[in-house]
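The structure appears below as structure tokens.
Proteins come first, then strands; the chains are lettered A, B, ... in the order of their sequence lines, and each starts at number 1. The figures here come from the full heavy-atom set of this structure, side chains too, leaving out hydrogens, waters and symmetry mates.
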2 protein chains.
Amino acid sequence: MNHKTDNKKIGIKEIAKLANVSIATVDRVLNNRKDVSEKTRARVQAIIKENNYQPNLYARALSVKNNLSFAVLIPKTSSQTGYWDLCLKGIKQGVEEFSTFGINIDIFLYDQEDVRTFTKMSDDVLTRNFNAVVIAPIFISETTVFLEECKKRKIETIFVNSDIKGSSSLGYIGPDLRSTGRLAANLTSYLVQDKSKLLILNIARGLQNYAYLNTKIEGYVDYLNAMNRDFEIVNIDIPSNNYDEIAIDLLRHVGEFNPDLIFVTNSRVSVVGRFFNEFRHIRKPHIIGFDFLNENVEFLANGMIDFLICQRPDKQGYLALNYLYRHFLLKEEKENFKPMPIDILTIENYLFYEN
Amino acid sequence: MNHKTDNKKIGIKEIAKLANVSIATVDRVLNNRKDVSEKTRARVQAIIKENNYQPNLYARALSVKNNLSFAVLIPKTSSQTGYWDLCLKGIKQGVEEFSTFGINIDIFLYDQEDVRTFTKMSDDVLTRNFNAVVIAPIFISETTVFLEECKKRKIETIFVNSDIKGSSSLGYIGPDLRSTGRLAANLTSYLVQDKSKLLILNIARGLQNYAYLNTKIEGYVDYLNAMNRDFEIVNIDIPSNNYDEIAIDLLRHVGEFNPDLIFVTNSRVSVVGRFFNEFRHIRKPHIIGFDFLNENVEFLANGMIDFLICQRPDKQGYLALNYLYRHFLLKEEKENFKPMPIDILTIENYLFYEN
DNA sequence: TTCAGTTTCGTTAACGTTACCGAGTTGCTG
DNA sequence: CAGCAACTCGGTAACGTTAACGAAACTGAA
């Protein structure tokens, strides 16, 4: 059962020799540039295919002295959640890694509670000459305007975190939102009995800017309704970032509704954990929320939160840059990226998360 | 909030100029070789640190024309489970990727039901001159003997899939087995009520060779006992690979015990799924098992299996080779690898698995 | 002082690919 | 047929690092 592997990698030089041309010509057909006749192009291509030539990406990366520059346009982290810090962490890893190739990456952080900072930043981006820009599209209409400008100037665009279907030039890197909602519902169905009361909580100031949350909620509700298990589902908005304010609202809603499970539709789930940690006399429901933030993990670890659904914001950020790198440098065509995995974290596996 | 990043990467050449030495000398201190005086070594090192020099790994990989060769020594896939196929898939990905660097990788597949094939293969490995060998240590005592020989010949060793603590030279790449057991118990606790009956199933011919399964079971049982929820737990071995034989045993045990949940301790969980798919009149318990195999996913998708706990065998295989690559070529020291993540798959997120 | 041996260091050719520069060829116009 | 553009193609220097080779400087003993 000894499986030998003696596939000596063939280089551009050998190809050239076999085709009886110079390496420059081989390079031209490889990168399908002009300045090569159809006849020789065909001949070289045949030999390339024949010998299963694979370019040495490292040599390529070493050789090319590009002056690519990318912009990253995402919210700055708020006082209420470290979510964007994670994304930024991934971005910075990419900045570090790709600076080796002379890629310059500038990061623009806008305030997700102030649309004017977004328009300001996006204007700034346009004054410089970027080859591509990574965008977290929070403000939908403003982003659409910005995308128009990018298109005119032939600046490639790619989304992270949420998608405006079909409007960026390079697509979207992030989780399927509807599926994350369905997954939450799936877990919910294990946690509670028939006829239970389920509370959906949307917590954040300026909720009108988080249109994508509705997709999650749809997935959640549709899944549960299809089960015919007589759940009573209530959807509540708490448009605040202040714990004390939120606590007051929570006190009222939880008191009135007395839910068996709370589904927090974003990363603010730690607030709910904190609430039940303080108000011990209130019956603690099951809790499901999002994202691997320190404050969330704390309540996962002490049993307050049952499940954390994770979309790896850091990986998202990194992958977006990685995608650009591959698009520009390695010239990989690649079908539009695979969707991000959706991870489930519990008290028993969170320690091994993050790879 | 504009965050500029203008860290021009400095090269070995600039370092040489700054230190007033040749690039060869810089190279010597970088790879701390001999043939350089303590004085200049210190000076160069200072300048390296000062300028935060980071070697260009791609240039290094391009330059070095090593003749490294690794061996991989894992079980061949049996008729009963595609588990090792997955691991092999990851290995092959590594073979492909690292052949660019002139690394030669030979794969030796032994029969996990026949210890003689293992000793035969491991002897074969020793006749050749490998720099390192990746081992899945199924046969503990035989592996230990083999490791002794490797140590004598200064062949590096690294484990995948399961560990014999402290006996390989480069450590272990794989999940923490006890934690996977605990995680299964954690999910179990959500799926069933107090006083439920839980059936632990160990299915495989030659079970005596799977000592590591006990670690999983310990984690599972300990976790549940600590909950004080009055579970009735039964642990059953079915030492067979034949479905008909297994079905007979299952029929008997399930009939007698009537479990509320079955925990299959390895990847053979699809057999149990098939069983309940055929015997519709028997009350189907919840089912938890391991590994992202096609046959398992099939029963996850149709609702037979509730949770699949995944240890990414393909990633394990790839990471093992990647680790060797980094150890030999990039000379990264790196603290002994992070543990593998432990993933939870349900009917709602399996589609997005595999990245 | 000489000379062999050792220690320390610099020069240079690779590694596989890219891209600039310029030389040869063809085709067309006047 | 001259002249000139357009099209093909080859030569070669770079990219940052490694390693083989040999030169220089130093050591110590005769």
Side-chain angles (χ1 to χ4, degrees), chain A residues 8-45 47-48 51-68 97-103 328-332, chain B residues 8-45 47-48 51-68 97-103 328-332:
Chain A
K8 273 271 172 62
K9 285 270 174 184
I10 196 172
I12 200 176
K13 216 177 292 184
E14 289 92 324
I15 297 286
K17 200 168 293 174
L18 289 173
N20 214 21
V21 293
S22 76
I23 58 171
T25 302
V26 178
D27 182 67
R28 274 185 273 261
V29 356
L30 276 175
N31 302 50
N32 46 7
R33 276 192 275 268
K34 41 185 291 197
D35 286 352
V36 44
S37 71
E38 269 319 309
K39 223 176 62 179
T40 54
R41 184 184 297 272
R43 181 157 44 99
V44 173
Q45 249 157 1
I47 295 185
I48 286 172
N51 296 65
N52 186 31
Y53 164 81
Q54 302 280 108
N56 184 324
L57 301 184
Y58 301 90
R60 172 177 293 170
L62 182 61
S63 165
V64 82
K65 40 179 167 294
N66 38 44
N67 238 351
L68 287 175
E97 181 171 337
F98 300 127
S99 72
T100 307
F101 307 124
I103 298 179
F328 282 100
L329 280 197
L330 308 187
K331 293 168 188 162
E332 288 182 12
Chain B
K8 272 271 173 63
K9 284 272 175 185
I10 195 170
I12 201 176
K13 217 178 290 183
E14 288 91 326
I15 297 284
K17 202 168 291 173
L18 288 174
N20 213 21
V21 293
S22 75
I23 57 171
T25 302
V26 178
D27 183 68
R28 274 185 273 260
V29 355
L30 276 174
N31 302 50
N32 47 5
R33 276 191 276 266
K34 41 184 292 192
D35 285 354
V36 45
S37 72
E38 269 320 307
K39 224 177 60 178
T40 55
R41 184 185 297 273
R43 182 158 42 101
V44 172
Q45 249 157 1
I47 294 185
I48 286 172
N51 297 65
N52 186 30
Y53 164 82
Q54 300 281 107
N56 184 323
L57 302 184
Y58 301 90
R60 173 177 292 172
L62 182 61
S63 165
V64 81
K65 38 180 167 290
N66 40 43
N67 237 350
L68 287 176
E97 180 170 337
F98 300 128
S99 72
T100 307
F101 307 124
I103 299 179
F328 282 99
L329 280 199
L330 308 187
K331 293 169 189 164
E332 287 183 13

Gap between atoms [atom1] and [atom2], on [X] and [N] respectively (whole Å):
X     : N      : atom1 : atom2 : result
A:K13 : C:dA13 : NZ    : P     : 14 Å
B:Q54 : D:dC15 : CD    : P     : 20 Å
B:N56 : D:dA14 : CG    : P     : 18 Å
B:R60 : D:dC15 : CZ    : P     : 19 Å
B:R33 : D:dT18 : CZ    : C1'   : 7 Å
A:L62 : C:dT18 : CG    : C1'   : 10 Å
A:Y58 : C:dT18 : OH    : P     : 15 Å
B:L57 : D:dT17 : CG    : P     : 9 Å

Please report the closest heavy-atom contact between B:S22 and B:A16, naming both atoms and the distance.
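Heavy-atom minimum between the residues: C-CB, 3.8 Å.
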
Could I get a table of every N or O pair under 3.5 Å where one atom is in the protein and the other is in nucleotides 8-11 of chain C?
{"unit_1": "C:dC9", "atom_1": "OP1", "unit_2": "B:S37", "atom_2": "OG", "d": "3.4"}
{"unit_1": "C:dC9", "atom_1": "OP1", "unit_2": "B:T40", "atom_2": "OG1", "d": "3.3"}
{"unit_1": "C:dC9", "atom_1": "OP2", "unit_2": "B:S37", "atom_2": "N", "d": "2.7"}
{"unit_1": "C:dC9", "atom_1": "OP2", "unit_2": "B:S37", "atom_2": "OG", "d": "3.3"}
{"unit_1": "C:dC9", "atom_1": "OP2", "unit_2": "B:T40", "atom_2": "OG1", "d": "2.9"}
{"unit_1": "C:dG10", "atom_1": "OP1", "unit_2": "B:S22", "atom_2": "N", "d": "3.4"}
{"unit_1": "C:dG10", "atom_1": "OP2", "unit_2": "B:S22", "atom_2": "N", "d": "2.7"}
{"unit_1": "C:dG10", "atom_1": "OP2", "unit_2": "B:S22", "atom_2": "OG", "d": "2.8"}
{"unit_1": "C:dG10", "atom_1": "OP2", "unit_2": "B:T25", "atom_2": "OG1", "d": "2.7"}
{"unit_1": "C:dG10", "atom_1": "N7", "unit_2": "B:R28", "atom_2": "NH2", "d": "2.8"}
{"unit_1": "C:dG10", "atom_1": "O6", "unit_2": "B:R28", "atom_2": "NH1", "d": "3.2"}
{"unit_1": "C:dG10", "atom_1": "O6", "unit_2": "B:R28", "atom_2": "NH2", "d": "3.4"}

Set of side chain to side chain contact (heavy atoms under 4.5 Å, CB included) partners for B:I47, sequence neighbours left out
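B:I47 satisfies side chain to side chain contact (heavy atoms under 4.5 Å, CB included) with B:I15, B:L18, B:A19, B:N51 only.
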
Once side chain to side chain contact (heavy atoms under 4.5 Å, CB included) is applied, do any residues pair with A:L30, and if so which ones, sequence neighbours excluded?
A:I12, A:V26, A:I48, A:Y53

Distance check, rounded to the nearest 0.5 Å: [X] atom [atom1] versus [Y] atom [atom2]?
X     : Y     : atom1 : atom2 : answer
B:R41 : B:D35 : CZ    : CG    : 9.5 Å
B:L62 : B:N56 : CG    : CG    : 9.5 Å
B:T40 : B:N20 : OG1   : CG    : 11.5 Å

Think B:K34 has a side-chain N or O under 4.0 angstrom from the OP1 or OP2 of C:dT6?
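Indeed not, no polar side-chain atom of B:K34 lies that close.
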
Report yes if at least one side-chain N or O of A:N31 is closer than 4.0 Å to OP1 or OP2 of C:dT18; otherwise report no.
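For C:dT18, OP1/OP2 do have a side-chain N/O of A:N31 under 4.0 Å.
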
Show the distances under 3.5 angstrom between N or O atoms of the protein and N or O atoms of nucleotides 23-28 of chain D.
none

Could you work out which one of D:dT17, D:dA19, D:dC15 sits closest to the side chain of B:Y53?
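Taking heavy atoms from C-beta onward, the closest nucleotide is D:dT17.
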
Five-pair end axes of the helix from C:dT1-D:dA30 to C:dG30-D:dC1 and the angle they enclose, rounded to 10°
60°

Suppose the criterion is salt bridge (charged side-chain N to carboxylate O under 4.0 Å, His left out): which pairs have a residue in residues 14-32 of chain B, not counting sequence neighbours?
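Listed once each, the pairs are B:D27-B:R33.
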
Within the distance-only criterion (no hydrogens, no angle test), does the side chain of A:S63 pair as donor or acceptor with the backbone N or O of A:R60 below 3.5 angstrom?
no

Residue pair A:V21, A:R43: steps toward the side chain to side chain contact (heavy atoms under 4.5 Å, CB included) verdict:
CA-CA 10 Å; A:V21 293; A:R43 181 157 44 99; 4.3 Å; yes

